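Here is the structure we will look at.
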2 protein chains.
Amino acid sequence: MAAGQADATRGKATSQTVKALLALRDLILSGELKRGERIAELSVVDRLGVSRTPLRMALVRLEEEGLLEALPTGGFIVKAFTERDIFDAIETRGTLEGLAARFAAERGVTTIGLSAFHRCLADLDELIGRGKLSEDDFSDYVDLNEQFHEMILAAADSPVLAHQLERASALPFASPSGFVMAQAVLPEALKILTIAQDQHRCVVEAIEAREGGRAEALMREHARLAKRNLILALRDRASFQLVPGAALIRQHGAG
Amino acid sequence: MAAGQADATRGKATSQTVKALLALRDLILSGELKRGERIAELSVVDRLGVSRTPLRMALVRLEEEGLLEALPTGGFIVKAFTERDIFDAIETRGTLEGLAARFAAERGVTTIGLSAFHRCLADLDELIGRGKLSEDDFSDYVDLNEQFHEMILAAADSPVLAHQLERASALPFASPSGFVMAQAVLPEALKILTIAQDQHRCVVEAIEAREGGRAEALMREHARLAKRNLILALRDRASFQLVPGAALIRQHGAG
DNA sequence: CGGGATGAGTATGTATACATTTCGGCGCGC
DNA sequence: GCGCGCCGAAATGTATACATACTCATCCCG
């Protein structure tokens, strides 16, 4: 059985490469492969059930993604991140999103695009208006929030910027929704979401009014809200465990 | 001869993977692989003298780099870029460099770092002060200019941002020195370099004075100078040919 | 007793063989 | 005559075999 192995389970015909990429990323984010640890290809091959070739493709991709670091001698180690690294990742993502928002404002958005924005805003309003939020509500919020951020990127209408921003959001804790689930257990959750939603609305307003500078500044500030969430999450053990990729974060004193 | 092939030339033991990456990138930038063209692995393998395995590693890396596009059906095509794509790439790079400059200003630079900046500025001053510049002078300028941009990045002291900025500068025409050689043949060259150098100096001044906002704005504007160079280069056939990756640029009317 | 060198074991880098899938061409049917 | 379907060839995806390079541990010598 040399290739493809016709996957007896008829369901999904995902290629081995994709399977390896997803599974390996999972292994890293879940902490099964500890930060700083060198990755032994053979042991991972055993665990994932793919051969070395697709695994090595995944290793290269995850290195470009920033989750792995190539050793000069060959092979890879799992990267470790400091608190400041995460701040910088969020600031970087926010800066690029700010650029996207400015592009959207300067270049203009179609009527159809604007109505899609307003529908998204209304959905978010409805969600937050419920008052007390269940875990499912937070999960829905994540979906809608990601949809909003994707719409900003689409409105910028710039493939090059899209490519960069996707890369900047690849680090799990840099993603726009990285800390939403973590803040679900915090008392400040509703307040933070309310503020975030107001920023969403203002950004759309700025884009609609062709106010590029304002749209950019707002989008940046919106990302900084994620930083504040991070600070809260880091102070609360239960919350911290919900941060994606928490296992990669090297806290000040603790190992 | 299964692996490594012990490279009889003792000098450089470059791995086949690196060799494939560099050679393939060359093939693309030189236009030997035309934009929009699908890359046939076997034909490239023949031309480069490496086996398919390292070549495929290179293909994946160049896709992440943005030079190739993966087809859903498998395989890759050489990306084509419009004039606006290049503008956006430069603006993106400039935005990230602006962030780096702001970080440098906010976080402070050591005395040693500052003296390195001033030495670089002095070297550039001396070069431009020569008046009429030879082709070698332009080549020297490229080196010093890249040195300056690397110093900004180093001063930001942020591995995450560094990773992103390196990726944003990977596209040849997005790089800080992308258009310097192209402008060498233009009459406005000296004037442009003079302006660029003034911006260099002001950025360092802003960083030194901890003026983050100013440093950021200046660095952005500095990148926009590259855009103006691009516009000039696009109007001049001889200059256009000196733009790195010119073969990837799809001009308005022309094929 | 410690340090360095050497060897065994192992891991990575590379090449190649093989299976599957896709794309192009041809023939048959409508 | 045109369209649909099938077949074949070529290319990609995958697995594995092999060679080199690294790592680590042990042993010998100082």
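This is a predicted model, so every value here is computed, not measured.
Here the P atom of nucleotide C:dA11 and the CD atom of A:Glu37 are 13 Å apart, to the nearest Å. Atom pair B:Leu42:CG and C:dA17:C1' shows a separation of 13 Å (rounding to whole Å applied). Nucleotide C:dA15 holds its C1' atom 12 Å from the CZ atom of A:Arg52, rounded to whole Å. Nucleotide C:dA15 holds its C1' atom 13 Å from the CG atom of B:Leu55, rounded to whole Å. Atom CD in B:Gln16 sits about 15 Å away from atom C1' in D:dC18, given to the nearest Å. As a whole-Å value, the separation of A:Ile77 CD1 from C:dT12 C1' is 16 Å. Protein atom CG of A:Leu59 is 11 Å distant from nucleotide atom C1' of C:dT12, rounded to whole Å. To the nearest angstrom, P of C:dT22 lies 12 Å from CG of B:Leu71.
Taking the six-membered ring for Trp and thresholds of 30 and 60 degrees, B:His222 and B:His149 have nearly parallel ring planes, at less than 30 degrees apart.
Taking 4.5 Å as the limit, some side-chain heavy atom of A:Asp157 sits within range of a side-chain heavy atom of B:Arg84. At least one side-chain heavy atom of A:Glu97 sits less than 4.5 Å from a side-chain heavy atom of A:Leu165.
In this structure, of D:dA15, C:dA15, C:dA11, it is C:dA15 that holds the atom nearest to the side chain of B:Pro54. The side chain of A:Glu41 lies closest to C:dT12, out of D:dT14, C:dT12, C:dT14.
Here A:Thr73 reaches the OP1 or OP2 of D:dT23: one of its side-chain N or O atoms lies under 4.0 Å away. Not one side-chain nitrogen or oxygen of A:Thr53 sits closer than 4.0 Å to the OP1 or OP2 atom of D:dT16.
Comparing B:Arg38 and B:Val50 by the nucleotide of DNA chain C whose heavy atom lies nearest to each, the residue mapping closer to the 5' end is B:Val50.
With hydrogens and angles left out, the side-chain atoms of A:Asp85 and A:Thr82 include a donor and acceptor closer than 3.5 Å.
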